[in-house]
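Shown next, in structure tokens, is the structure this report addresses.
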Amino acid sequence: MATSVPAPAGPVPFKDVENNLDLQATTVPAERSLEEHDDAMLLVSALPIKLAAGTKLKLRCYEGFWLPERFVPAAVAMQRRLVPRPDDVVIASLPKCGTTWLNALAFATMARRSYPPAGADHPLLRLNPHECVPFLDALLAEAGGEARLAALPSPRLMYTHMPHAMLPRGSKKVVYVCREPKDTAVSLWQFRRSAHPEIPFGDTFDSVCDGGSTYGPFWDHVLGYWRASLECPDRVLFLRYEELLRDPGENVRRLARFVGAPFSEAEEEAGVVRGIVELCSLGSLRNMEVNRTGLMDGLGFPRKALFRKGVAGDWANHMTPEMARRMDEVVADKFRDTGITFQ
Ligand code: PAP
């Protein structure tokens with residue numbers, strides 16, 4: 001009698017499976033035709049262009065946002081072709097707002113039945129969080145990316161820096177993390193210094209304030225998700241980096257409830273939440289061999305650049321009072337009457 005082997009339930013560590021996906025066994029969506037590819041290239045080349053402050057990263061202004069040039073085709077694919085599954089979970093953020101941490105927490109939470117957080121073979125002990133969770137912006141910009149995504153078992157966990165308006169229509173579960181803008185600007189600059197030690201903070205700071213930093217304007221990015229979370233709280237969970245720092249356990253519970261996998265009493269008693277928080281803490285992730293060495297696949301920066309101080313208020317060590325006042329004024333102006341404050 002033939003025995004059927006159940007398909008592994010997601011999320012699975014993306015890096016483990018991406019080279020072994022059984023594309024034959026999957027209903028693969030139509031890939032971009034050459035014509036569509038040419039159209040996308042034409043579209044990209046017609047967009048306004050500039051370099052991200054102090055770097056060689058080309059940005060294009062697509063539908064009001066400064067996206068990395070090479071990821072614009074991913075925005076188009078997300079808007080036009082990607083069909084979300086009802087149980088997909090998408091982590092969304094601006095760069096440097098806590099993406100790595102949230103990816104780790106979400107992966108550890110959603111995959112806890114296959115991988116108990118205290119297990120000696122937990123994927124986060126040998127893979128960077130971004131290697132467990134596929135980055136849509138890079139994946140969908142590549143030929144074959146859509147098929148690799150389609151071959152993943154459900155529920156899929158993915159992440160993006162794209163603005164809310166660029167997510168696939170009908171996305172059911174989106175978790176956004178937002179961070180105090182002055183700290184985000186400092187974190188972005190520190191990250192860039194890992195490749196360009198000489199770049200001055202002023203250029204990065206100006207570009208954030210002017211709305212021209214990568215994936216910016218930051219206020220439109222935040223407000224897109226904020227408004228969606230108010231309109232559809234079942235669909236968009238709006239988290240804050242500072243709240244995660246203050247009470248990671250409670251935010252992990254919110255996350256678990258939101259994705260439809262609340263912790264049972266037995267799990268609470270067994271300390272599963274605490275285990276997830278500890279596994280994903282900055283101290284724990286930063287000390288792992290995988291996060292201390294090597295470069296991020298396809299993105300080229302050192303993995304260790306993702307783990308720095310991880311505190312609130314570091315801006316005070318890098319900004320003059322005038323800079324802080326200028327950024328606070330931008331924030332007060334852009335977020336007036338929206339219900340968001342950053343104090
Ligand atoms: P990304 O967008 O390039 O993925 P992202 O992870 O969003 O970067 O942001 C990196 C910031 O998160 C760093 O902040 P800092 O520069 O102010 O220190 C990094 O230290 C912080 N970070 C990374 N992992 C954790 C963690 N486990 N807990 C708390 N903060 C973390």
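Note: hydrogens, waters and symmetry copies are ignored here, and every other heavy atom, side chains too, is used. Indexing begins at 1, ligand by ligand and atom by atom, following the structure's order. This is a predicted model, so every value here is computed, not measured. All residue numbers refer to positions in the sequence shown, counting from 1.
Salt-bridge annotation for Arg326 and Asp210: present, with a side-chain N of the basic residue lying under 4.0 Å from a carboxylate O of the acidic one. Under 4.0 Å is where a charged nitrogen must lie from a carboxylate oxygen, and between Glu180 and Arg240 no such pair does.
Side-chain contact between Val272 and Pro117: present, with at least one pair of heavy atoms (C-beta onward) separated by less than 4.5 Å. Counting heavy atoms from C-beta outward, Pro153 and Val17 have side chains that stay 4.5 Å or more apart.
Hydrophobic cluster membership is shared by Leu157 and Phe238, with clusters built from Ile, Leu, Val, Met, Phe, Trp and Tyr side chains linked at under 4.5 angstrom.
Within the structure, ring-ring contact (aromatic ring centres under 6.0 Å, His included) contacts touching residues 69-95 (residues at least two apart or in different chains) are Phe71-Phe135.
Sorted by chain and number, the residues within 4.0 Å of ligand 1 by heavy atom are Pro95, Lys96, Cys97, Gly98, Thr99, Thr100, Trp101, His130, His161, Arg179, Ser187, Tyr241, Cys280, Ser281, Leu282, Leu285, Leu306, Phe307, Arg308, Lys309, Gly310.
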